[in-house]
Amino acid sequence: MIDNTAAAPASAESPLRTLIVGAQMLFVAFGSLVLVPLLTGLDPNVALFTAGIGTLIFHGVTRVSVPVFLASSFAFIAPIQGSVSSFGIPATLGGLLAAGLVYVLISQLVRLKGTAWLHYLLPPVVVGPVIMVIGLALAPVAVDMATGGTSEAIGYGRAMLLSMASLLVTLVLAVFGRGMIRLIPILGGIATGYALAALMGVVDYTPIREAAWLALPEFVAPSFHWAAVLFMIPVAIAPAVEHIGDMVAIGSVTRRNYLDKPGLHRTLLGDGLATTAASLFGGPPNTTYSEVTGAVTLTRAFNPWVMVITAVIAIALSFLGKLGAVLQTIPGPVMGGIMTLLFGSIAVVGMNTLVRAGKPLTAPRNLVVVSLILVFGIGGMQVGGGQFTLQGVGLAAVVGIVLNAILPRADED
């Protein structure tokens, strides 16, 4: 494997080609990028802005050496929804800021101690079921949206038609699509659902008419609420571990070892600072995008400066008020249909983590750890009260870490 990961010079390709490829990368990421704020009550224009800022921060920390784009993290959708309903958006942003600082702390521990401690503290038997909880904890919310439960003007019949049409197009593009089409299944599903909703006359265009062409994104400052912080911090564990896989994946595409140079500690630090910066403006946490990695594989656009261009375009688009208004008029059932697939796919990622580990899940120790993570995380268990309540994904992660640390390890471990 090649170790030389020095940034490719921006002048190696024509500026026009770099601009076009950068715009294409944002198009690939756009559907997933705006999906998270649309599902969690955050502003999609702010998400565009913070994705751009976060990507620039990441490339500043890693010295423009890794061809990745950072944007809204799916792992935080369910936790953000739960936190917003319980504590409000500002307190949730405070929790997300704390989660970003956890990334930063982990990056420094990796710099000092390597990665062995991380794998010991967070083996697949803990990370796998925690990811499953992230996907399944609020699955009823997806079904409620898909069936019209959150839309007063759309009845059950129309809601099911919209949600299932959006879902069908998304899965067809994901499974049968080829080339660039396969990289934008969410965008295709949303576009189909929106067009169908427009034909049915259930789209309210008032926000679009009232929005200005150019406008500042609706930034929101974080506030700090201990319950929201405790709820959100453990959620950072699973994406931080997945980050290693992301770096290995993009490294296998470009044939370079990014864990060595610029180093996992730098990429984790860039990710953590990007998430922290996003929360300061009111955006969702940032993470590297597998869709963009797929696009890099397809286009062979290995120049990291392409992603810098993508980030600048995202920031510029965030000031288009009409764009944010269009996104906010997407009917709930359309988003619900997408969510049913999205939440399920996150759970499958967790299941795959367990399967790939090859450990016997019926062994008493593994059975106890996995079972309690799933039941505590999905069943609504909570510990404490008032500002120090721990529940959902946060409680599941803590329970898994504690059990993994105190239970005697089996011979096969």
Side-chain angles (χ1 to χ4, degrees), residues 5 7-8 10 18-37 42-76 96-97 99-100 103-104 107 183 217 219 236 239-240 242-243 246-247 249-251 253-254 258 262-297 299 301-320 323:
T5 59
T18 302
L19 178 63
I20 293 174
V21 175
Q24 179 177 259
M25 292 299 176
L26 182 60
F27 178 75
V28 169
F30 189 83
S32 300
L33 192 166
V34 300
L35 181 64
V36 177
L42 303 180
D43 186 276
N45 283 49
V46 174
L48 271 168
F49 180 85
T50 55
I53 292 294
T55 300
L56 293 180
I57 290 174
F58 178 91
H59 284 291
V61 171
T62 60
R63 301 170 185 173
V64 198
S65 59
V66 189
V68 297
F69 179 75
L70 276 66
S72 313
S73 172
F74 281 11
F76 283 87
L96 294 174
L97 190 152
Y103 275 89
V104 174
S107 74
L183 301 175
F219 298 122
E242 283 187 293
H243 178 88
D246 292 337
M247 290 300 103
I250 189 64
V253 172
T254 61
Y258 297 118
L264 180 61
H265 63 286
R266 285 188 179 275
T267 61
L268 274 170
L269 177 61
D271 206 334
L273 292 177
T275 291
T276 300
S279 65
L280 290 174
F281 290 98
N286 284 313
T287 190
T288 49
Y289 260 26
S290 58
E291 294 96 325
V292 174
T293 299
V296 169
T297 305
T299 63
F302 297 161
N303 184 354
W305 283 99
V306 168
M307 302 305 174
V308 174
I309 297 297
T310 305
V312 172
I313 295 173
I315 294 172
L317 287 181
S318 71
F319 291 92
L320 296 180
L323 175 61

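Quick caveat: nothing in here was measured; it's all calculated off a predicted structure.
- One finds the CD1 atom of Ile315 at 11.0 Å from the CG atom of Leu26 (value rounded to the nearest 0.5 Å).
- Within the 3.5 Å criterion, the main-chain N or O of Leu320 finds a donor-acceptor partner in the side chain of Asn45.
- In summary, of the residues considered (Val312, Val68, Val292), a side-chain contact (heavy atoms from CB on, under 4.5 Å) with Met307 occurs for Val292 alone.
- To the nearest 0.5 Å, atom OG of residue Ser73 and atom OH of residue Tyr289 are 7.5 Å apart.
- In this structure, Phe76 and Val36 have side chains that are not in contact, with every pair of non-hydrogen atoms separated by 4.5 Å or more.
- Here the shortest heavy-atom pairing between Pro284 and Ser72 reads CG-OG, 3.4 Å.
- Between Phe74 and Leu35, some side-chain heavy-atom pair lies under the 4.5 Å cut-off.
- Using a 4.5 Å cut-off on side-chain heavy atoms (C-beta onward), Thr293 and Val253 make contact.
- In this structure, the separation between CD1 on Ile309 and CH2 on Trp305 is 8.5 Å, given to the nearest 0.5 Å.
- Side-chain atoms of Thr267 and His243 form a donor-acceptor pair, as typed in the model, at a separation below 3.5 Å.
- The six-membered or imidazole ring of Phe69 lies away from that of Phe58, with a centre-to-centre distance of 6.0 Å or more.
- Across every non-hydrogen atom of Thr287 and Asp271, the tightest pair is CA-OD1, 3.9 Å.
- When all heavy atoms of Ile313 and Gly22 are compared, the pair lying nearest together is CD1-C, 4.2 Å.
- Looking at Ser107, its side chain never comes within 3.5 Å of a backbone N or O of Leu268 through a donor-acceptor pair.
- Within the 3.5 Å criterion, the main-chain N or O of Gly272 finds no donor-acceptor partner in the side chain of Thr275.
- Around CZ of Phe27, the count of heavy atoms belonging to other residues, nucleotides or ligands within 6.0 Å does not exceed 12.
- The two residues Pro67 and Thr254 come nearest to each other via the heavy atoms CG-CG2, 3.8 Å.
- At a threshold of 4.5 Å between non-hydrogen side-chain atoms, the residues Val308 and Leu56 count as touching.
- In this structure the side chain of Phe30 reaches within 4.5 angstrom of the side chain of Leu48, judged on heavy atoms.
- With hydrogens and angles disregarded, no donor-acceptor distance shorter than 3.5 Å links the side chain of Ser32 to the backbone of Ala29.
- Of all heavy-atom pairs between Pro285 and Leu96, the closest is CG-CD2, 3.4 Å.
- Counting only distance, with no hydrogens or angles, the side chain of Arg266 and the backbone of Val61 share a donor-acceptor pair below 3.5 Å.
- Closest approach of Leu70 to Gly54, counting heavy atoms only: CD2-O, 4.3 Å.
- Using a 4.5 Å cut-off on side-chain heavy atoms (C-beta onward), Val296 and Phe302 make contact.
- The closest side-chain heavy-atom distance from Val21 to Met25 is below 4.5 Å.
- By the 4.5 Å heavy-atom criterion applied to side chains, Thr55 and Thr310 are not counted as neighbours.
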